[in-house]
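Order of the sequence lines sets the chain letters (A, B, ...), proteins ahead of strands, with each chain counted from 1.
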Amino acid sequence: MATETGQQTGGEADQGPFTRWVGSAIRNPAKAYRALFYVALVFFLFTTLFPLYWLLVLAVTPQRNLQDIFLTPNGFNPGVFIEVFETVPFHIYMLNSLLLAVITTAIVLLLASLAGYVFGRLEFPGRAPLMLAILAISYFPPAAFLVPLFRLFTGNVAVAGINSPTWYNTPGAMVMPFSALFMPLSIFILSTFYGQIPEGLEDAARVEGTTRLGALFRVIMPLSAPGVATAGVLTFIAVYNEFFFSFLMNDGQVAQSILGIVSSSNHWAPLLQGVLAFQTQYGSLYNLMAAASIIGVLPVAILVVVAQEKIVSGLTAGALKE
Amino acid sequence: MENLSDAKFAYLLLTPVLLLLGIIALWPLMSTFWTSLHADAAFGAANYGEFIGFENYMAILSGQRDALLTQPFFSLSRPFQSAVTVTLIFAFVSVAFETLIGFGQALVLDQDFSGRRWVRVAIILPWAIPIVIQGMLFFLLFQPTVGFLAGPLQSLGLLSSSPLSSAQDATMIIIVADVWKTSAFMALLILAGLQSIDRSLYDVAQVAGASKWQQFKYITFPLVLPSVLIAVLFRSIQAMRVYGLIETVAGCTVVPSLSCLVVTSWGQRQYGTASALAFLTALVIGIIVSVYIVRFADAESGGF
């Protein structure tokens with residue numbers, strides 16, 4: 001469009017700032033590219049951030065004015081962020097989610113460290129096919145595991161006369177699938193990092209009398225701290241965002257108070273069920289749905305601001321080095 | 001433990017991982033396959049009926065089983081209401097847009113400018129948002145009473161009066177939601193490809209008098225193509241499993257993706273059918289991936 005205008009008026013130099021700018025942009029294309037860059041930048045910032053801003057506008061709009069909300073709220077009702085917790089025990093859902101994410105991350109980091117050490121530093125028969133098999137598992141749709149896993153976690157699978165544990169509505173039924181699902185990426189990231197630690201450092205630790213495992217946890221792992229942090233952050237976000245098993249491996253019930261969180265009345269329903277509770281039980285309370293969503297986003301938003309370098313390097317390493 | 005050979009030590013350390021993946025992934029896959037060879041339980045406590053070989057697969061593929069499913073498995077006449085077609089439409093359209101937008105975002109992030117750190121945070125942010133909240137956001141945006149997007153699009157004739165319960169409209173909304181969230185993932189993978197390009201190539205091109213467009217066409221694009229192809233493959237695999245977003249925005253009866261169909265027939269205790277559907281889902285993904293790899297393996301090796 002800019003060039004078109006330029007052709008019509010390009011010759012007459014003193015016709016106003018826009019025409020002048022177009023004229024100079026034709027003589028110097030770098031200027032036009034710069035302008036294009038800023039247009040694209042503003043466009044991307046607007047499309048990614050505006051929906052979130054709008055969610056905030058919707059949240060603080062009072063109940064009776066919930067219509068045609070666009071740029072500014074029709075009224076101002078910050079109390080909505082307290083109402084969210086009074087309507088459903090949203091803090092318990094959040095806490096369940098955070099606990100599930102922390103437990104899964106701990107298990108994944110421990111097991112993936114062992115596997116990362118093996119794949120990054122040891123040569124043994126079957127190494128490549130085994131690595132490939134582990135990666136292949138993460139490409140199956142979660143739906144392919146649903147039918148047997150549900151039977152397993154509801155105590156309906158018997159091995160040698162012993163029934164499987166009834167883990168439905170407990171952390172186990174979610175932490176186990178999460179760990180299996182998100183383990184491959186962490187193994188991959190950690191084996192890359194552990195493989196880069198010089199052989200000599202491990203040998204030195206061994207000469208000092210450390211065991212092999214001691215060398216892994218006291219020398220290799222601390223030296224690969226950025227890699228461990230990357231795997232940890234990505235696993236945490238993945239679990240916090242997971243839908244499939246979070247939705248199907250519990251019945252959506254939670255304890256009514258913080259103290260009840262370890263009792264059997266807490267069915268470990270995560271954030272997801274808390275958000276959906278507003279949609280299913282309070283059909284027209286759109287401002288509460290928006291407020292709950294904003295509160296739910298906060299932990300990951302903070303994590304993205306703090307750890308964006310780790311996220312970027314982890315995602316690209318996981319995908320491009322295969 | 002210290003005296004074991006490398007191989008024995010390796011397998012010892014791998015035991016917990018293999019045990020976990022064995023119980024949570026490998027055994028369920030085999031069990032799903034075994035169940036898929038059995039009839040649905042007619043009644044009561046049984047998980048499945050008698051062994052019937054590949055009859056479930058035949059019935060699903062030939063359309064005979066459609067009557068027992070919430071929506072048909074495959075139907076060209078109603079592409080937005082049958083599982084295979086709507087899943088492929090969703091995957092193809094959303095990945096195409098994500099590639100374009102992701103490429104644009106990557107080109108922006110590749111520039112040097114002040115505040116780049118914060119722009120990067122803003123662009124990654126949607127990727128980190130939980131699926132349920134992404135779904136809720138777009139459910140609200142297109143909710144006719146509160147959302148500002150439904151009204152104008154309806155008056156343009158692009159959306160029906162209740163977009164969230166119309167199969168075609170809801171599919172479009174879900175595609176928009178997916179593009180919003182996952183373009184950033186594409187952008188990061190493509191950005192990594194961009195940053196691995198040797199910058200001196202551009203200096204040479206500039207000395208030779210190449211315009212910016214020529215630099216893009218003859219240097220940037222061919223060198224970044226392998227990363228783009230891999231990113232597209234990753235995203236397509238993920239897109240074909242879509243479930244949570246649909247469940248939150250419109251519900252599985254409105255937009256019946258393949259994973260949706262598995263979960264709904266599982267919910268109706270049709271375990272044989274659900275297992276066969278789950279395997280067919282994996283099969284559809286496997287076929288698309290193989291075709292893609294065969295089709296683009298040449299392009300990729302030619303890129304370097």
Atom [atom1] of [X] and atom [atom2] of [Y]: how far apart are they, to the nearest 0.5 Å?
{"X": "Gln105(B)", "Y": "Phe43(A)", "atom1": "CD", "atom2": "CZ", "value": "9.0 Å"}
{"X": "Thr32(B)", "Y": "Leu149(A)", "atom1": "OG1", "atom2": "CG", "value": "8.0 Å"}
{"X": "Leu272(A)", "Y": "Ile131(B)", "atom1": "CG", "atom2": "CD1", "value": "9.0 Å"}
{"X": "Leu26(B)", "Y": "Ile137(A)", "atom1": "CG", "atom2": "CD1", "value": "6.0 Å"}
{"X": "Leu13(B)", "Y": "Leu216(A)", "atom1": "CG", "atom2": "CG", "value": "7.5 Å"}
{"X": "Lys181(B)", "Y": "Thr48(A)", "atom1": "NZ", "atom2": "OG1", "value": "13.5 Å"}

Among [options], which residue forms the greatest number of heavy-atom pairs with chain B at distances under 4.5 Å?
{"options": "Ile237(A), Leu146(A), Leu271(A)", "result": "Leu146(A)"}
{"options": "Leu181(A), Leu45(A), Val157(A), Leu52(A)", "result": "Leu52(A)"}
{"options": "Ala292(A), Ala301(A), Pro125(A)", "result": "Pro125(A)"}
{"options": "Glu242(A), Arg121(A), Glu309(A)", "result": "Glu309(A)"}
{"options": "Phe244(A), Tyr240(A), Trp54(A), Phe150(A)", "result": "Trp54(A)"}
{"options": "Arg206(A), Arg151(A), Met183(A)", "result": "Arg151(A)"}

Taking side chain as everything from C-beta outward and backbone as N, CA, C, O, which of these in [X] sits under 4.5 Å from a heavy atom of chain A? Side chain, backbone, both or neither.
{"X": "Lys8(B)", "value": "neither"}
{"X": "Ile285(B)", "value": "side chain"}
{"X": "Thr35(B)", "value": "side chain"}
{"X": "Ile237(B)", "value": "side chain"}
{"X": "Gln134(B)", "value": "neither"}
{"X": "Phe33(B)", "value": "neither"}
{"X": "Trp127(B)", "value": "both"}

In sequence, state the C-alpha distance, the side-chain angles, and the governing distance for Tyr117(A) and Leu14(B), and then conclude on side chain to side chain contact (heavy atoms under 4.5 Å, CB included). CA-CA 9 Å; Tyr117(A) 175 85; Leu14(B) 283 180; over 6 Å; no
Taking the six-membered ring for Trp, are Phe247(A) and Tyr243(B) parallel (under 30°), tilted (30 to 60°) or perpendicular (over 60°)? tilted
Once you measure the plane-to-plane angle for Tyr286(A) and Phe139(B), does it fall in the parallel (<30°), tilted (30-60°) or perpendicular (>60°) bin? tilted
Please name the pair of heavy atoms, one in [X] and one in [Y], separated by the smallest distance, quoted to 0.1 Å.
{"X": "Ala180(A)", "Y": "Leu21(B)", "value": "O-CD2, 3.6 Å"}
{"X": "Pro142(A)", "Y": "Arg241(B)", "value": "CD-CD, 3.8 Å"}
{"X": "Ala274(B)", "Y": "Val147(A)", "value": "CB-CG2, 4.2 Å"}
{"X": "Pro28(B)", "Y": "Pro148(A)", "value": "O-CG, 3.2 Å"}
{"X": "Gly104(B)", "Y": "Phe44(A)", "value": "C-CE1, 3.4 Å"}
{"X": "Phe153(A)", "Y": "Ile24(B)", "value": "CZ-CD1, 4.0 Å"}

Sidechain-backbone polar pair: Gln308(A) side chain, Arg117(B) backbone, donor-acceptor under 3.5 Å: yes
Who among [options] has the most heavy-atom pairs with chain A under 4.5 Å?
{"options": "Leu18(B), Ile129(B), Val17(B), Ile101(B)", "answer": "Ile129(B)"}
{"options": "Thr281(B), Thr248(B), Val262(B)", "answer": "Thr248(B)"}
{"options": "Gln238(B), Met240(B), Met136(B)", "answer": "Met136(B)"}
{"options": "Val289(B), Leu125(B), Thr145(B)", "answer": "Thr145(B)"}
{"options": "Ile124(B), Leu141(B), Ile23(B)", "answer": "Leu141(B)"}
{"options": "Val119(B), Ile123(B), Leu109(B)", "answer": "Val119(B)"}

Trp266(B) vs Leu248(A), test: side chain to side chain contact (heavy atoms under 4.5 Å, CB included). Steps then yes/no. CA-CA 11 Å; Trp266(B) 166 79; Leu248(A) 296 170; 3.9 Å; yes
Run the ring-centre check on Phe9(B) versus Phe124(A) and record whether the distance is less than 6.0 Å. no
For Tyr33(A) and Phe216(B), I'd like to know if the aromatic rings sit close, meaning centre-to-centre distance below 6.0 Å. no
Step-by-step salt bridge (charged side-chain N to carboxylate O under 4.0 Å, His left out) determination, Asp6(B) to Arg212(A): CA-CA 11 Å; Asp6(B) 261 10; Arg212(A) 281 200 207 182; 3.6 Å; yes
